[in-house]
Amino acid sequence: MLEIKTAKTRKGKRELEKRAPKLVESGKKTLILHGTKTSGVLNAVLAQIYHLKKDSAVKYSRKNENVKPFEAGGETSLEFFSLKTDCSVFVYGSHSKKRPDNLVIGRTYDHHIFDLVEVGVENFKPMESFSYNKKLAPKEGSKPFIVFIGEGFEAVEELKHLKEVLLDLLRGEVVENLNLAGVDRAYVCAALSPNRVFFTHCALRLKKSGTVVPRMELEEVGPSMDFVVRRHRPPNESLRKEAMKTSREKPKKKEKNVKRDELQGKIGSIYIPDQKVGETPLPYKAKGVKRERQEAKRKNESDGSASKRKKEDS
Amino acid sequence: MEAEKQHQFDVDLGNLMAFDSYHTFPSQPPLSREDLTRQCLLKGTHLVQAIADALFTLPSIEDVDGPLVTLPPPTTKLPREKHLPKPKPPTKWEAFAKKKGIQKRKKDKIVYDEQSGTWKRRHGYDRANDEDAIPIIEAKPTDDPEEDPFAKRKENKKNRIEKQEKNRLQNLKEAAKFGALPSHIQLAATALPITGTQAAPKKVTKDELGNVAGIAATATASGGKFDKKLAGEKPQKHEGKYRKFLPVVEGTGIGSLEREQTEKILNKIISKNSHNILNVEKAVTMHNVKKEKKRRSEKGKALASATDKKLKTQKKSFKKGDSKKGKAKGK
């Protein structure tokens, strides 16, 4: 009694194929959610995280009562949203008396919760509060430098986990080629204490240094905040092992316009656009005709319909 | 100094990341917010310079927009977001061909058409050897005269298409078993397989599911009292029957309720008894039974008296005359 259901349009089929598992993954989209109750600070934090990751982020602006990442049974709604928007990193902000200005950053694997980190936001400074030369503002979608400072990121388990999650959230698209003229932003994360991380976003200023490598200067453009680690749930060990698998084979690229002939071997086709021969001006200019042309021009000027002919000539 | 510092940094060019794990922020004396920020930014500048040192020394290709650099693969491993695509299991024909050693062979695009005598494409519009394009079909001596050959060919084509669809569905089921279904195809059940009805199954609401689960939870020996709760399971809403009791203290109007309740009970009992009394058939049968009993008792007495009297008459006959015999016969 099973029935085969397929996409009804080619565009729909292409969209569904984009969501299929791939051999080499290029980047993760981020889903930004609001909890049942949020504060003004947290709203600003979520809005500016969305600004930083604009082209690869989805923002839901309504409050979600069913989303409770750390509670049993509270992840069903979250997994549904992940499946619907095809996002695998989510940022969830909520505010309560017990956990003020709470931010949960988590990842999914096959649209099921992979791990969770809960941090509190303190000492928040929004983008608008920084004064700098606006020409230095980073472009949208550029690949950032990410910097981690402090021994806490290696010694403390929670900070190690937070470091990995932040790297996954901030690095953007995985690229093979990078344009050196486009590097213009950096994230700085510093472990100030075993449970506090300073986070800021800076613009890069490339100064002349006399060598191939320019001298780097950081200009703080915001947002800037402290992350205070609260709760965290590391991934299941077997699930992590499965998620870390990669394949050695590369996706084969389709070879176009190449044929194989038994006698001549491999034959390629090269596309040549049509050449417009009629419009090409001829290089032949006979000097003897010049005098006659000048006389004809004078004759036309003396006539009454000189204006039309001039237009035709031009 | 810079060389030593750079030696301690971990630089991952694939992710454009740098990590300094030897730096410690002093907790004494406590720095002000501005000093702490400035120190972080100064340290960040050093690490960004380290990334830039490694990045700008890579070989680059000149482009219109700027120099392009090929990044090495990242050294920091991060988990994938979806599982690796699973290989599709071979279809039935592919498995059979492999077993038999049948090699796949390309067919020509152009095929000779017997009908029109020209070369045509194998598939598509105006194809070669098209059944729909045959105007005349010759009849054979063995053909059934009532059968329409055109309709028969159409029926055969329909059957072929149905068989092809069935085979395709079977192959997709096999692929779904291994979790390797194509992403744009979904197998969905539109009817219940047991009853075969075409009506869509009714969606069960959350409350109904909760009630059914609550009833099922009381099916154990302890009635669900000592059972383990599943993750996220809520306590069932109502566990037993509804029982209501009237209040003990009588208020305005409540006495009438109690009186009504009592009257209901009494009426039930009385109606049962009265119904029993008024059963006419039973009464008639009882009466008949009594009558029969009376008759039997009278007959018994008569017989007993008859035997006694006979014995007496025999004794008396030897002594007295015939008058007594006549009396016995009369009785």
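Just so we're clear, the structure is a prediction, and the values are computed from it rather than from any experiment. Just so it is clear: chains get the letters A, B, ... in the order the sequence lines come, proteins before strands, and each one is counted from 1.
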Interface residue of largest heavy-atom contact number with chain B, from V188(A), L192(A), N179(A), under 4.5 Å: N179(A)
Selection from A190(A), G150(A), S193(A) maximising heavy-atom pairs under 4.5 Å formed with chain B: G150(A)
Side chain, backbone, both or neither of [X] within contact of chain B (heavy atoms, under 4.5 Å):
X       : answer
A155(A) : neither
N123(A) : both
E176(A) : backbone
L204(A) : side chain
K18(A)  : neither
C202(A) : side chain
E220(A) : side chain
T200(A) : side chain
F153(A) : both
F114(A) : side chain
V89(A)  : neither
P235(A) : neither

Side-chain heavy atoms of [X] within contact of [Y], under 4.5 Å:
X       : Y       : answer
R171(A) : L78(B)  : yes
L178(A) : L16(B)  : yes
F198(A) : T37(B)  : yes
I4(A)   : R168(B) : yes
N177(A) : L71(B)  : no
F145(A) : L55(B)  : yes
K5(A)   : I185(B) : no

At their closest point, which heavy atom of [X] faces which heavy atom of [Y], and how far apart are they?
X       : Y       : result
V147(A) : V48(B)  : CG2-CG2, 3.7 Å
F56(B)  : L206(A) : CZ-CD2, 3.9 Å
M216(A) : A52(B)  : CE-CB, 3.2 Å
E17(A)  : H184(B) : OE2-ND1, 3.6 Å
A181(A) : G66(B)  : CB-CA, 4.4 Å

Pair K82(B)-D86(A), salt bridge (Lys or Arg N to Asp or Glu O under 4.0 Å): steps then yes or no: CA-CA 10 Å; K82(B) 290 178 182 119; D86(A) 198 34; 2.9 Å; yes
Value rounded to 0.5 Å, distance of CG in L41(B) from CD in E217(A): 11.5 Å
Flag, side chain of R80(B) to backbone of L23(A), donor-acceptor distance under 3.5 Å: yes
E81(B) side chain to Y109(A) backbone, donor-acceptor under 3.5 Å: no
Contact origin within L169(B) toward chain A - heavy atom pairs under 4.5 Å: both
Option from E242(A), R107(A), R240(A) for which side-chain contact (heavy atoms from CB on, under 4.5 Å) with P79(B) holds: R107(A)
